[in-house]
Structure formats: C-alpha cells, structure tokens
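The structure appears below as structure tokens.
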Amino acid sequence: GEDVEQSLFLSVREGDSSVINCTYTDSSSTYLYWYKQEPGAGLQLLTYIFSNMDMKQDQRLTVLLNKKDKHLSLRIADTQTGDSAIYFCAEITGGFKTIFGAGTRLFVKA
Amino acid sequence: DAGVIQSPRHEVTEMGQEVTLRCKPISGHNSLFWYRQTMMRGLELLIYFNNNVPIDDSGMPEDRFSAKMPNASFSTLKIQPSEPRDSAVYFCASSLETRGTEAFFGQGTRLTVV
C-alpha cells in the first residue's frame, strides 16, 4: 500500500549538518517533497525533487534520491537554531493524493 | 488569495459534545485534504476530496468522524460524540489535481476534548 516512513526525532548541534531520511513505497511517484512545519503553523513546501533526478541543491539544502531503494534524504548544512522544526517527507501517488510521512522533529542544540 | 482558512483556531469542548471544524480551500483548487496531527502518531490523512467528492476516507478513525464538502469553497469535519483521545491539531490542505502540485495548508484547529 501507500506509505511514507521517517524517524520521529533528530537532534544535532548548531553548525553541524542534519540528515533526515525517508522511505516511500509508490515507485510511480514522479515528485517527492520536503515540507517544513514551524511551531504553531501549518506545513509549507520547503523543496522538491523530480523522480528523474538524483540530487537537488538549494543553498544549504541538499536532497538526495535513490529511486532503486525508494529512499529520500534532506541534508541541511550548517544547521541553525532557526531550523528547529518538523520536517515532512511526501510523495504524490498515482491517484494525485499527497502522502506524508509522520514528520521528523529536528532539535538544534546551541 | 488569503490561503487555506480554517476555523476555529482553537476549540475546547467537553467529552460527548459535537465538534465541527471548518475549512475554506484556496479558490480554484479542486483537491482537499483533512489531516490530524498528534505527538504520538505524527500527521495522519483522514479523508481526501476531489471535485467535492470523497475519494478516500480510509483514514477516518471511526464512525464518530464524518466529513462533507457541499461545494468547492467549503468543507467540514465533524466529530460526534467527541472523546478526549480526539484531542489533536486538525489541518485542512488544498491543491490542484495535477502531478507535482504543492499542497497548501491552513493554520490548523487545535482541538482539546476534556
């Protein structure tokens, strides 16, 4: 069935890199997403990657896609306290339904 | 556009009472989603509408939950009777029915059932 899995918590020190991992099940997904949720707010799109790409870089963010293993990761370089949030991995299935992971809560220690 | 609008932002109710959450999607969007978020279970998809028609309600936890979309600009999620375990943040999101389209989320309704 449709499922997106990610670990629930990650803790890093300020200035280190954060890597948030995700696995998905729908091999026909053409777009994969990372959303960010700030405290007390809804989710907002952070970045996305097309399924025909292996990597996408956007300033401090790097998205890596391993389509064979259905594995997606988000790397945040030089993590800052302002990056503390919940990060959601998501895919769009064949039925145009967006499936989200449960979210990874990133804690950044000063 | 003001984005996805949810009301109320906060709701506190007593166990057994009926609760109705409201959502106004972004104009022109034809897909609407209701999600529930808790610390223990993360973000869960409850129901998904396309062109006002419920497509997948497999995430609705039980018969106490119902959702309607009478027109393209309004949806409700109703819980009757409410229970303390229903306490969560409920999000509504909307998108266009095309591949690769971003889902836009409302600010959420924080529901507390005492």
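All values derive from a computational prediction rather than experimental measurement.
Between the side chains of A/Thr79 and A/Ser18, a donor-acceptor pair is found at a separation under 3.5 Å.
Only the side chain of B/Arg9 has a heavy atom closer than 4.5 Å to any heavy atom of chain A. Within the 4.5 angstrom heavy-atom criterion, only side-chain atoms of B/Tyr35, from C-beta onward, approach chain A. Only the side chain of A/Ile86 comes within less than 4.5 Å of a heavy atom of chain B; its backbone N, CA, C and O stay farther away. For a residue to count as touching a neighbouring chain, one of its non-hydrogen atoms must lie under 4.5 Å from one of that chain's; by this rule B/Gln6 does not touch chain A.
More than 12 non-hydrogen atoms from other residues, nucleotides or ligands lie less than 6.0 angstrom from CZ of B/Arg64.
Ranked by heavy-atom pairs shorter than 4.5 Å toward chain A, the options B/Arg110, B/Glu44, B/Arg41, B/Gln107 are led by B/Gln107.
Electrostatic pairing of B/Glu62 and B/Arg85 counts as a salt bridge here, judged by a charged N lying under 4.0 Å from a carboxylate O.
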- Task: Starting from the C-alpha separation in whole Å, work towards a yes-or-no answer on ring-ring contact (aromatic ring centres under 6.0 Å, His included) for A/Tyr87 and A/Tyr35.
- Result: CA-CA 6 Å; A/Tyr87 292 83; A/Tyr35 282 75; over 10 Å; no
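Taking the side chain as every heavy atom from C-beta outward, A/Cys89 and A/Leu32 never approach each other to under 4.5 Å.
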